[in-house]
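Before any comments, here is the structure.
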Amino acid sequence: MRTWLGASLLALALLAMAAPAAHAQGSRKDDMVFGPAGHPVVGASIRVCQPTATGTPCSPLAAVYTDATLTTPAPNPFPTDGIGNYHFYAPADRYTIQISGPGLVGTTTYPDVILPRMFPQADQAATFQLSR
């Protein structure tokens, strides 16, 4: 049993070290917009701005993407879907999000929305220690 467990841990450690480095990995933000009556809002406008953004509508806009590799730019601002959902990918950082649209009163601003780093950076080596 101990030999099998040790071999399994060693195999996992080797697999982790052999994995290709993750470059330009983005974080995903998922959320849903609800109106004053508690119902999802279809077609609400989502605007993602830099953390230093000011004004309504906020500016400057942040770069957002449709994929985790941050290779396919997405429009900004963009609408919620048919059931009030939205998502986007962006580099790990702090953002300001503004939401406005039909059935909403004014524009709601969410400062300091944090998208965390999802994967270790390529320059951070994982260390494994096996014992018998």
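Everything quoted here is computed from the prediction, not taken from an experiment. Scope of the values below: all heavy atoms of this structure, side chains included, with no hydrogens, waters or symmetry mates.
Aromatic ring orientation, Tyr86 versus Phe88: parallel (interplanar angle below 30°, classes split at 30° and 60°).
In this structure, Val41 is a member of the same hydrophobic cluster as Tyr110, with clusters built from ILVMFWY side-chain heavy atoms closer than 4.5 Å.
Nearest approach of Ala44 to Pro102, heavy atoms of both residues: CA-CD, 4.4 Å. Shortest non-hydrogen contact noted between Pro36 and Val105 is CG-CG2, 4.5 Å. Nearest heavy-atom pair across Ala63 and Ala90 is O-CB, 3.9 Å. In terms of heavy atoms, Thr66 sits closest to Pro73 at CG2-O, 4.3 Å.
Evaluation of the side-chain contact (heavy atoms from CB on, under 4.5 Å) rule for Ser100 yields Ser45, Thr107 as partners, not counting sequence neighbours. Among residues two or more places apart in sequence or in another chain, the side-chain hydrogen bond (donor to acceptor under 3.5 Å, both in side chains) test is passed with Thr109 by Gln98. Every residue two or more places apart in sequence or in another chain that forms a side-chain contact (heavy atoms from CB on, under 4.5 Å) with His39 is listed here: Ala37. Among residues two or more places apart in sequence or in another chain, the side-chain contact (heavy atoms from CB on, under 4.5 Å) test is passed with Thr54 by none. Under the rule for a side-chain contact (heavy atoms from CB on, under 4.5 Å), the partners of Pro91 that lie at least two apart in sequence or sit in another chain are Tyr65, Leu70, Tyr95.
Applying the salt bridge (Lys or Arg N to Asp or Glu O under 4.0 Å) test to pairs two or more places apart or on separate chains, none has a residue in residues 98-108. Residues in residues 58-95 take part in these disulfide (SG to SG under 2.5 Å) pairs, two or more places apart or across chains: Cys49-Cys58. Sorted by first and then second residue, the disulfide (SG to SG under 2.5 Å) pairs involving residues 70-112 (not counting sequence neighbours) form an empty list. Residue pairs satisfying the salt bridge (Lys or Arg N to Asp or Glu O under 4.0 Å) criterion with at least one member in residues 90-109, sequence neighbours excluded, are listed as follows: Arg94-Asp112. Residue pairs meeting the salt bridge (Lys or Arg N to Asp or Glu O under 4.0 Å) criterion with at least one partner in residues 53-82, sequence neighbours excluded, do not occur; the list is empty. Among residue pairs with one or both ends in residues 35-60, none qualify as salt bridge (Lys or Arg N to Asp or Glu O under 4.0 Å); sequence neighbours excluded.
Residues Leu104 and Val33 are in side-chain contact: their nearest non-hydrogen atoms beyond the backbone lie under 4.5 Å apart. Between Asn85 and Thr80 there is no side-chain heavy-atom pair separated by less than 4.5 Å. Counting heavy atoms from C-beta on, the side chains of Lys29 and His87 never come closer than 4.5 Å.
Asn76 contributes no side-chain N or O that, together with a main-chain N or O of Val64, makes up a donor-acceptor pair within less than 3.5 Å.
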Test side-chain contact (heavy atoms from CB on, under 4.5 Å) on Phe78 and Val48 and set out the steps.
CA-CA 9 Å; Phe78 56 91; Val48 184; 4.0 Å; yes
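Annotation for Phe34: atom CZ counts as buried by contact number, over 12 foreign heavy atoms lying within 6.0 Å.
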